[in-house]
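Along the sequence shown, residues carry numbers from 1. Because the structure is predicted, anything quoted here is derived from the model rather than measured.
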Amino acid sequence: QVQLVESGGGLVQAGGSLRLSCAASGRTFSSYTMGWFRQTPGKEREFVAGIDWSGSSTYYADSVKGRFTISRDNAGNKLYLRMNSLKPEDTAVYYCAAVGGSYVPRRAHGYNYWGQGTQVTVSS
């Protein structure tokens with residue numbers, strides 16, 4: 001089992017940058033595939049980025065490709081999402097998620113563990 005806590009959200013102007021962090025508990029963080037999702041009111045949770053256990057394979061939603069970078073520090077039990085060139089449509093609550101295994105799901109139901117979320121607001 002793993003517990004996840006996100007941080008790093010906030011208010012930023014369009015074109016700005018933020019880095020989200022997700023701290024994971026437990027000694028088996030390196031065995032989990034990790035993902036970032038986001039959600040706005042009335043909409044389903046949307047895949048943003050995913051990374052395999054080793055960090056060697058990463059996947060992105062088309063809407064963030066080239067602007068966001070997912071990475072992980074297995075020694076420090078941390079997951080990151082670097083967000084550049086932010087747009088107002090990136091405004092959402094961002095969640096990190098974990099699942100065992102090597103496959104990187106792009107749907108929310110593919111993940112077993114979730115953080116509480118961190119709000120990102122991009123002003124125009």
Side-chain angles (χ1 to χ4, degrees):
Q1 198 166 7
V2 62
Q3 292 184 325
L4 306 171
V5 179
E6 302 95 336
S7 61
L11 174 64
V12 63
Q13 288 189 332
S17 298
L18 280 175
R19 189 180 78 157
L20 304 184
S21 298
C22 174
S25 65
R27 292 176 290 179
T28 59
F29 175 71
S30 60
S31 67
Y32 289 94
T33 285
M34 301 297 296
W36 285 101
F37 285 75
R38 64 188 182 187
Q39 190 170 25
T40 54
K43 292 193 175 181
E44 291 187 358
R45 205 161 285 192
E46 173 191 26
F47 174 78
V48 174
I51 189 167
D52 75 345
W53 67 272
S54 69
S56 61
S57 296
T58 57
Y59 305 87
Y60 297 93
D62 288 343
S63 58
V64 307
K65 205 170 290 184
R67 300 188 297 123
F68 290 11
T69 303
I70 188 171
S71 62
R72 67 188 298 162
D73 172 8
N74 284 343
N77 284 12
K78 288 281 188 71
L79 175 73
Y80 301 102
L81 184 70
R82 178 67 180 181
M83 306 186 293
N84 295 330
S85 303
L86 283 162
K87 305 174 181 179
E89 51 264 44
D90 294 318
T91 296
V93 177
Y94 283 71
Y95 299 88
C96 67
V99 63
S102 58
Y103 175 68
V104 181
R106 273 68 148 184
R107 300 287 184 92
H109 64 72
Y111 292 81
N112 302 119
Y113 304 102
W114 293 87
Q116 82 291 346
T118 186
Q119 176 71 47
V120 172
T121 303
V122 184
S123 63
S124 57

Distance, nearest 0.5 Å, that separates [atom1] of [X] from [atom2] of [Y]:
X	Y	atom1	atom2	value
Q119	T91	CD	OG1	7.5 Å
W114	C22	CH2	SG	11.0 Å
Y103	D52	OH	CG	13.0 Å
R19	M83	CZ	CE	11.5 Å
L79	S71	CG	OG	7.0 Å
I51	T33	CD1	OG1	9.5 Å

Practice task
Output, in order, the C-alpha distance, side-chain angles, deciding distance and verdict of side-chain contact (heavy atoms from CB on, under 4.5 Å) for L86 and F68.
Solution key: CA-CA 9 Å; L86 283 162; F68 290 11; 3.8 Å; yes
Exercise for the section: Please work out which of the three classes, parallel, tilted or perpendicular, describes the rings of Y111 and F37, given edges at 30° and 60°. Expected result: perpendicular
Closest heavy-atom contact between [X] and [Y]?
X	Y	result
Y32	Y113	CE2-CE1, 3.8 Å
Y60	A49	CD2-CB, 3.7 Å
V2	A98	CG1-CB, 3.9 Å
S17	S85	OG-N, 4.3 Å
A61	F47	CB-O, 3.4 Å
T28	S31	O-OG, 2.6 Å

Has the side chain of [X] got a donor or acceptor atom that lies under 3.5 Å from a matching backbone atom of [Y]?
X	Y	result
S25	Q3	yes
N74	S54	no
R106	V104	yes
T40	A92	no
E6	C96	yes

Practice task
Might you work through the salt bridge (Lys or Arg N to Asp or Glu O under 4.0 Å) test for D90 and K87, ending with a clear yes or no?
Solution key: CA-CA 5 Å; D90 294 318; K87 305 174 181 179; over 6 Å; no
Decide whether [X] and [Y] are clustered together by the hydrophobic rule: side chain heavy atoms of Ile, Leu, Val, Met, Phe, Trp, Tyr closer than 4.5 Å, transitively.
X	Y	answer
L20	I70	yes
M34	V120	yes
V12	V93	no
Y59	W53	no
Y80	L4	no

Practice task
Find out whether E89 and S63 are in side-chain contact, i.e. whether some heavy atom of one side chain is under 4.5 Å from a heavy atom of the other.
Solution key: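 Answer no - side chains too far apart.
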Exercise for the section: Decide if atom NZ of K43 counts as having more than 12 heavy atoms of other residues, nucleotides or ligands within a radius under 6.0 Å. Expected result: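 Not buried by this count: 12 neighbours or fewer within 6.0 Å.
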Practice task
Tell me, with the steps shown, if R38 and V64 meet side-chain contact (heavy atoms from CB on, under 4.5 Å).
Solution key: CA-CA 12 Å; R38 64 188 182 187; V64 307; 4.0 Å; yes
Problem - Over-ring placement of R72 relative to F29, 6.0 Å and 45° cut-offs - result: yes
